[in-house]
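Some notes on the structure that comes next.
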Amino acid sequence: MSRADVCVVACAEAFRGDGEILAAGIGGAVTVLGARLARLTFEPDLLTHDGVCLLTGDVPALGEAPEVVEGWLPFRDHLWLVLNGRRHVMLGASQIDRFGNTNISCIGDWARPKAQLLGVRGAPGNTRCGPTSYWIPRHSPRVFVPQVDMVSGLGTDRGAHELRRVVTNLAVLDFGTPEGAMRLVSVHPGVDVAEVVAATGFELHVPDDVPETRSPTDEERRLLDEALDPGGLREREVAA
């Protein structure tokens, strides 16, 4: 078992209970694997797509085309799903604060940024209209900041619909405090709470008892190794 396996399973768990909605992993290979693993195991009604415009009837490996196509999902229909809360997306973020406001637009003053990033893209609509989770492959104070330089995705203090989970290379977090601030849910095997706190640039709510993130089952490991990611792309994405 690797740290990457644990992260994929933690991302898959974010989709537990979603039922028949579109599961969209956008933040990297680990997010795509999480959605596909959930569909192959405990959440079979999930809808998955090929990353472009096809709903997949089967669950192909990373980089492979589906053998079974369930439907066509042009951009306008994809947006309908977003606007009506029928998609759970797992995104990445360059910065995130304690209420889940995220930045994928720029670093520094927006009028004269030090670095230009992707832009806001679909982050406002995603976070306002449907369930949103995040995958952060490098948990550090540069990413987990007191205040984001520009708000791209909405946090709990700005009207986010539902921020479900934040999965990082160190831990799983959510926003389950009364004020909607970030809370430590579990730490990955081999990580202690102090390490997560030190890597977070704001005050993190830490419960008295923090469990260990669950490890993949033998079947989940087999699916990852043989069916979903035989090339081991997930290992390149996770900072151990």
Side-chain angles (χ1 to χ4, degrees), residues 1-71 73 87-92 131-139 164-174 184-192 195-196 210-240:
M1 179 192 69
S2 69
R3 179 72 60 82
D5 292 339
V6 173
C7 291
V8 171
V9 167
C11 287
E13 285 288 348
F15 295 101
R16 186 180 288 274
D18 276 344
E20 194 176 0
I21 70 171
L22 182 64
I26 295 179
V30 168
T31 67
V32 176
L33 289 170
R36 293 181 182 182
L37 183 63
R39 180 175 175 177
L40 281 177
T41 53
F42 53 78
E43 207 58 52
D45 291 333
L46 281 177
L47 303 178
T48 53
H49 64 92
D50 67 344
V52 187
C53 60
L54 297 178
L55 291 173
T56 60
D58 59 346
V59 185
L62 284 179
E64 298 294 327
E67 295 183 3
V68 181
V69 176
E70 286 186 330
L73 190 67
R87 182 179 80 154
H88 179 178
V89 64
M90 182 164 276
L91 301 169
T132 303
S133 295
Y134 290 98
W135 159 239
I136 310 291
R138 293 185 180 275
H139 193 138
R164 182 79 57 83
R165 282 286 190 274
V166 178
V167 180
T168 80
N169 63 309
L170 300 180
V172 178
L173 310 105
D174 68 8
L184 183 59
V185 172
S186 66
V187 292
H188 299 337
V191 178
D192 59 36
E195 185 177 354
V196 179
V210 179
E212 187 174 88
T213 308
R214 83 166 178 90
S215 299
T217 65
D218 290 342
E219 175 63 8
E220 287 169 333
R221 291 180 63 188
R222 186 192 69 78
L223 287 169
L224 287 172
D225 289 337
E226 299 178 10
L228 294 176
D229 188 25
L233 293 176
R234 63 193 184 276
E235 302 294 343
R236 306 178 194 176
E237 196 171 290
V238 178

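Keep in mind it's a predicted model, so treat the numbers as computed, not measured.
- Here the side chains of Tyr134 and Val89 are not in contact, with every heavy-atom distance at 4.5 Å or above.
- Rounding to the nearest 0.5 Å places CD1 of Ile21 at 8.0 Å from CZ of Phe15.
- If you check the side chains of Glu219 and Thr41, you find no donor sitting under 3.5 Å from an acceptor.
- Leu224 has its side chain within reach of Val8: a pair of non-hydrogen atoms, C-beta onward, lies under 4.5 Å apart.
- With a 4.5 Å cut-off on side-chain heavy atoms, Cys11 and Val167 count as touching.
- Judged by distance alone, with hydrogens and angles left aside, the side-chain atoms of Ser133 form no donor-acceptor pair with the main-chain N or O of Val166 at under 3.5 Å.
- Closest heavy-atom contact between His49 and Ala24: NE2-CB, 3.9 Å.
- Taking every heavy atom of both residues into account, Pro60 and Ala65 meet most closely at CB-O, 4.0 Å.
- Separation of atoms CG (Leu73) and CG (Leu47) is listed at 9.0 Å; rounding is to 0.5 Å.
- Evaluation of the salt bridge (charged side-chain N to carboxylate O under 4.0 Å, His left out) test over residues 33-58, restricted to residues two or more places apart or in two chains, returns Arg39-Glu70.
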Next item on the list: Show your working on side chain to side chain contact (heavy atoms under 4.5 Å, CB included) between Thr213 and Val187 and close with a plain yes or no.
Entry: CA-CA 6 Å; Thr213 308; Val187 292; 5.5 Å; no
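- Judged as a side chain to side chain donor-acceptor pair (under 3.5 Å), and not counting sequence neighbours, the contacts of Glu226 are Arg222.
- Atom CD of Glu235 is separated from atom SG of Cys7 by 9.5 Å, given to the nearest 0.5 angstrom.
- Rounded to the nearest 0.5 angstrom, Asp174 CG and Ser186 OG are separated by 9.5 Å.
- Residues Ala14 and Met90 come closest through the heavy atom pair CB-CE, 3.7 Å.
- Atom CG of Leu33 and atom CD of Glu220 lie 12.5 Å apart (nearest 0.5 Å).
- Pairs passing the side-chain hydrogen bond (donor to acceptor under 3.5 Å, both in side chains) check and including a residue from residues 13-35, sequence neighbours excluded, read Glu13-Arg16, Glu13-Arg214, Asp18-His88, Asp18-Arg164.
- Although no hydrogens or angles enter the test, the distance criterion places a donor-acceptor pair under 3.5 Å between the side chain of Glu237 and the main chain of Ala29.
- In this structure, His188 contributes its side chain and Thr168 its backbone to a donor-acceptor pair below 3.5 Å.
- Considering CZ of Arg3 and CG of Asn169, their distance stands at 6.5 Å, rounded to 0.5 Å.
- Considering only heavy atoms from C-beta on, Leu37 comes within 4.5 Å of Val9 through its side chain.
- Partner Arg234 forms a side chain to side chain contact (heavy atoms under 4.5 Å, CB included) with one of Asp5, Val32, Leu228, Leu62 and no other, that one being Asp5.
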Check: Could you go step by step and tell me if Val6 and Val238 meet the side chain to side chain contact (heavy atoms under 4.5 Å, CB included) rule?
Finding: CA-CA 10 Å; Val6 173; Val238 178; over 6 Å; no
